[in-house]
S.K.: 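My questions will all concern the structure given below.
Given the structure is predicted, the values throughout are model-derived calculations rather than measurements.
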Amino acid sequence: KAGRWLLINNKIKLLIITQKIDKNDDLLGIYHEWVKRIAARCESVFVISLCKGKYDLPENVKIFSLGKEKNESNFRYLFNFYKYIWRFRKQYDTVFVHMNPEYVILGGLFWKIWGKKIVFWYAHYLSNLKLKMAVILADKVVTSIRQAFPLESRKLEVLQQGIDTDKFFPKTNRREIAGVLRILSLGRISPVKKHETLINSAAILREREISFCLTIAGEPTGAAKDRWFYNNLIQKVKEMGLEDMVKFIGKVPNIETPSVYNNNDIFVNLTPTGSFDKTILEAMACGLAVFVSNGAYRDIFDKDLENVLMFKEDDAKELAEKIANFVKLPKDRKNEIKSRLRNMVVKNHNLDGLINKLIYVLKA
């Protein structure tokens with residue numbers, strides 16, 4: 001089966017549609033590296049993004065923003081979108097739309113008329129009419145793992161996640177704090193991320209007299225429900241008397257996240273089954289033990305790792321139990337688990353492997 005991903009030598013002219021190009025963005029900064037590595041395999045790359053920040057990309061990459069960083073109106077976004085896809089229509093032959101089905105719907109009929117191939121990446125549990133319409137218009141649909149795509153489609157290609165394992169790796173001079181377990185949660189703060197369960201688990205660990213420090217990195221979006229959830233988390237920590245053990249550090253630029261991972265011992269992610277947070281794999285690549293409730297990891301972990309690291313969704317008591325049991329393990333056993341986790345990412349979810357497979361789909 002590996003042979004089907006053999007590289008094709010002819011280079012393509014590519015149009016990429018994505019949310020944001022900014023190497024310092026805390027959530028989307030990783031896609032700057034995607035564009036950089038894709039560009040190395042293409043003749044030319046045009047990128048249309050909703051907004052842009054700082055970037056450092058090869059000469060064959062041209063970036064065009066729809067104008068969110070200038071607070072343009074929705075009408076202006078739409079005008080700019082059609083302006084760019086029309087202006088450069090003779091300079092690209094393939095379109096790669098990342099995550100947003102709206103762009104496939106807006107441009108799909110035009111791209112079909114102009115004879116462009118449409119490849120659509122989507123990795124999220126949410127299914128709606130927009131997604132179904134985008135799948136109809138796309139020539140190929142790609143995703144990270146099967147559980148991250150909510151529809152059945154003969155167009156679907158399951159690739160892998162893409163973690164830069166040269167960037168995310170265990171530091172040899174990693175500093176440890178004797179007797180203190182450093183726990184990390186990193187990512188967008190939203191009700192779907194279940195941070196309240198993590199805080200409840202922290203309270204149980206305190207009752208069991210386990211010395212720990214919990215760092216919650218990330219910020220809510222501008223949505224009212226996310227901001228309300230974030231404020232409630234801070235209030236919950238105060239009410240439970242956990243201020244000395246739980247700290248909120250805000251968002252972290254993507255370029256700085258490897259250092260944050262390496263300053264902690266374990267990583268906890270409570271996103272429910274149906275999503276596939278790349279932060280879990282980043283933490284694994286950095287040599288952290290990861291505790292997850294996402295059912296997708298039953299297909300990734302063997303039975304041994306599942307027993308040690310997985311807990312029931314929303315079950316704060318079981319999470320605390322798993323962490324407490326891990327703390328008691330001999331150091332050699334802990335290191336063996338962490339080494340296995342990193343090797344899984346290097347072997348199955350490294351960025352070069354993803355780019356190879358994606359280029360194959362784009363060119364085939």
Side-chain angles (χ1 to χ4, degrees), residues 4-25 27-66 81 84-85 88-101 103-104 107 111 116-123 134 138-145 148 155-168 254-255 276 278 281-282 285 345 348-364:
R4 70 190 294 252
W5 302 118
L6 288 176
L7 305 186
I8 303 173
N9 292 324
N10 60 306
K11 291 195 172 184
I12 58 175
K13 299 175 183 178
L14 183 64
L15 170 66
I16 297 176
I17 316 286
T18 190
Q19 291 172 275
K20 189 175 188 178
I21 292 295
D22 184 351
K23 65 180 182 180
N24 293 328
D25 188 82
L27 299 176
L28 303 175
I30 181 60
Y31 302 115
H32 179 277
E33 187 64 24
W34 278 38
V35 173
K36 187 175 182 179
R37 298 200 188 193
I38 289 171
R41 310 282 292 281
C42 295
E43 181 177 327
S44 60
V45 176
F46 293 86
V47 180
I48 299 174
S49 62
L50 182 59
C51 63
K52 65 180 179 180
K54 292 186 178 299
Y55 57 90
D56 179 19
L57 295 165
E59 291 183 359
N60 65 332
V61 179
K62 305 298 181 186
I63 306 293
F64 301 92
S65 171
L66 299 184
F81 176 78
Y84 293 139
I85 69 169
F88 303 111
R89 70 193 183 282
K90 295 182 180 179
Q91 299 179 54
Y92 61 87
D93 45 47
T94 303
V95 181
F96 176 52
V97 178
H98 182 255
M99 282 303 293
N100 293 92
Y103 295 126
V104 181
W111 292 323
K116 313 300 183 184
K117 180 178 180 179
I118 306 169
V119 177
F120 174 44
W121 170 285
Y122 190 84
D139 295 292
K140 279 289 184 181
V141 180
V142 288
T143 192
S144 54
I145 63 169
K155 298 177 180 180
L156 182 64
E157 291 277 7
V158 178
L159 306 184
Q160 61 182 63
Q161 268 287 11
I163 305 302
D164 185 352
T165 53
D166 292 330
K167 173 182 175 183
F168 294 94
N254 182 262
I255 197 170
F276 195 65
K278 64 180 175 58
L281 296 174
E282 290 175 350
V345 181
N348 300 317
H349 290 283
N350 68 82
L351 183 55
D352 284 334
L354 170 63
I355 298 302
N356 283 348
K357 294 177 180 180
L358 179 57
I359 291 293
Y360 179 94
V361 174
L362 292 170
K363 290 181 175 181

S.K.: How many angstroms lie between CG in Leu28 and CG in Asp22, if you round to the nearest 0.5 Å?
M.R.: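 Taking CG in Leu28 and CG in Asp22, the distance rounds to 8.5 Å.
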S.K.: Walk me through whether His32 and Val47 qualify under side chain to side chain contact (heavy atoms under 4.5 Å, CB included).
M.R.: CA-CA 11 Å; His32 179 277; Val47 180; over 6 Å; no
S.K.: Working to the nearest 0.5 angstrom, can you tell me the gap between Phe96 CZ and Leu358 CG?
M.R.: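 These two atoms lie 4.5 Å from each other.
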S.K.: Is there a side-chain contact between Trp121 and Leu159 in this structure, where contact means two heavy atoms from C-beta onward sitting under 4.5 Å apart?
M.R.: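 The answer is yes; the side chains approach within 4.5 Å.
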S.K.: Does the Lys155 side chain pair with the main chain of Ala138, one donor and one acceptor, at a distance under 3.5 Å?
M.R.: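 Checking the backbone N and O of Ala138 against the side chain of Lys155, a donor-acceptor pair under 3.5 Å is found.
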S.K.: Among all residues two or more places apart in sequence or in another chain, which pass the side chain to side chain contact (heavy atoms under 4.5 Å, CB included) test with Lys13?
M.R.: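 For Lys13, the residues satisfying side chain to side chain contact (heavy atoms under 4.5 Å, CB included) (neighbours in sequence not counted) are Glu43, Ser44, Asp93.
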S.K.: Within this structure, what is the CG-CG distance for the pair Asp164 and Asn350, rounded to the nearest 0.5 Å?
M.R.: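 Rounded to the nearest 0.5 Å, the CG-CG separation comes to 9.0 Å.
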S.K.: Look at the aromatic rings of His98 and Tyr31 and report parallel, tilted or perpendicular, splitting at 30° and 60°.
M.R.: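 Because their plane-to-plane angle lies in the 30° to 60° range, the rings of His98 and Tyr31 count as tilted.
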S.K.: Any non-hydrogen side-chain atom of Tyr103 less than 4.5 Å from a side-chain atom of Leu66?
M.R.: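 A side-chain contact under 4.5 Å exists here.
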S.K.: Are Asp352 and Arg37 packed together at the side-chain level, in the sense that at least one heavy-atom pair is separated by less than 4.5 angstrom?
M.R.: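 They are in side-chain contact.
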S.K.: How many angstroms lie between NZ in Lys117 and CD1 in Ile12, if you round to the nearest 0.5 Å?
M.R.: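 If I round to the nearest 0.5 Å, the distance is 8.0 Å.
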S.K.: On a heavy-atom basis, which atom in Val45 and which in Ala39 lie closest, and how many Å separate them?
M.R.: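 Where Val45 meets Ala39 most closely, the heavy atoms are CG2-CA, 3.8 Å.
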S.K.: Does atom CD1 of Ile255 have more than 12 heavy-atom neighbours from other groups under 6.0 Å away?
M.R.: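 Not more than 12 within 6.0 Å, no.
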S.K.: Of Leu362, Ile16, Asp139, which meets side-chain contact (heavy atoms from CB on, under 4.5 Å) against Val119?
M.R.: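 So, applying the side-chain contact (heavy atoms from CB on, under 4.5 Å) to Val119 and each of Leu362, Ile16, Asp139, only Leu362 qualifies.
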S.K.: Report the C-alpha separation of Leu14 and Arg41 in whole Å, then their side-chain angles, then the decisive distance to 0.1 Å, and conclude whether the side chain to side chain contact (heavy atoms under 4.5 Å, CB included) test is met.
M.R.: CA-CA 10 Å; Leu14 183 64; Arg41 310 282 292 281; over 6 Å; no
S.K.: Evaluate whether atom NZ of Lys36 has more than 12 neighbouring non-hydrogen atoms of other residues, nucleotides or ligands under 6.0 angstrom away.
M.R.: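 No, not enclosed.
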S.K.: The test is side chain to side chain contact (heavy atoms under 4.5 Å, CB included); show your working for Gln160 and Asn348 and say whether it passes.
M.R.: CA-CA 7 Å; Gln160 61 182 63; Asn348 300 317; 6.0 Å; no
S.K.: Roughly how far, to the nearest 0.5 Å, is CD1 of Ile359 from SG of Cys42?
M.R.: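 Nearest 0.5 Å value for the SG-CD1 distance: 4.5 Å.
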S.K.: So which heavy atom on Glu59 is nearest to which on Lys62, and how close?
M.R.: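 Closest heavy-atom pair between Glu59 and Lys62: O-NZ, 3.7 Å.
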S.K.: For the pair Ile63 and Tyr55, evaluate side chain to side chain contact (heavy atoms under 4.5 Å, CB included) and give the outcome as yes or no after the intermediate values.
M.R.: CA-CA 9 Å; Ile63 306 293; Tyr55 57 90; 3.8 Å; yes
S.K.: Find out whether Tyr84 and Leu15 are in side-chain contact, i.e. whether some heavy atom of one side chain is under 4.5 Å from a heavy atom of the other.
M.R.: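 With C-beta onward as the side chain, the pair stays apart.
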S.K.: Kindly give the heavy-atom pair with the smallest separation between Cys51 and Ser65, and that separation in Å.
M.R.: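 Where Cys51 meets Ser65 most closely, the heavy atoms are CA-OG, 3.4 Å.
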S.K.: Answer whether the closest heavy-atom distance between the side chains of Ile38 and Ile355 falls below 4.5 Å.
M.R.: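 Sidechains of Ile355 and Ile38: in contact.
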S.K.: Does the His349 side chain pair with the main chain of Ile163, one donor and one acceptor, at a distance under 3.5 Å?
M.R.: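 Side chain of His349 to backbone of Ile163, a donor-acceptor pair under 3.5 Å: no, none is there.
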S.K.: Any non-hydrogen side-chain atom of Tyr122 less than 4.5 Å from a side-chain atom of Val97?
M.R.: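 Counting from C-beta outward, Tyr122 and Val97 never come under 4.5 Å.
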S.K.: Gln161 and Ser144: which non-hydrogen atoms are nearest, and at how many Å?
M.R.: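 Where Gln161 meets Ser144 most closely, the heavy atoms are CG-CB, 3.9 Å.
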S.K.: CZ of Phe120 to CD1 of Ile118: how many Å apart, nearest 0.5 Å?
M.R.: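 Reported value, rounded in 0.5 Å steps: 11.0 Å.
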S.K.: Looking at Lys54, I'd like to know if its NZ atom is crowded, meaning that more than 12 non-hydrogen atoms belonging to other residues, nucleotides or ligands lie closer than 6.0 Å.
M.R.: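 No - once you tally the heavy atoms of other residues, nucleotides and ligands closer than 6.0 Å, there are 12 at most.
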S.K.: Look at the aromatic rings of Phe46 and Phe64 and report parallel, tilted or perpendicular, splitting at 30° and 60°.
M.R.: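 If you compare the ring of Phe46 with that of Phe64, the planes turn out parallel.
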S.K.: Check whether any side-chain heavy atom of Asn100 lies under 4.5 Å from a side-chain heavy atom of Ile17, and answer yes or no.
M.R.: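 No, every pair of side-chain atoms sits at 4.5 Å or beyond.
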S.K.: Quick check: do Leu281 and Phe168 have side-chain heavy atoms less than 4.5 Å from each other?
M.R.: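 Contact flag for Leu281/Phe168 side chains = no.
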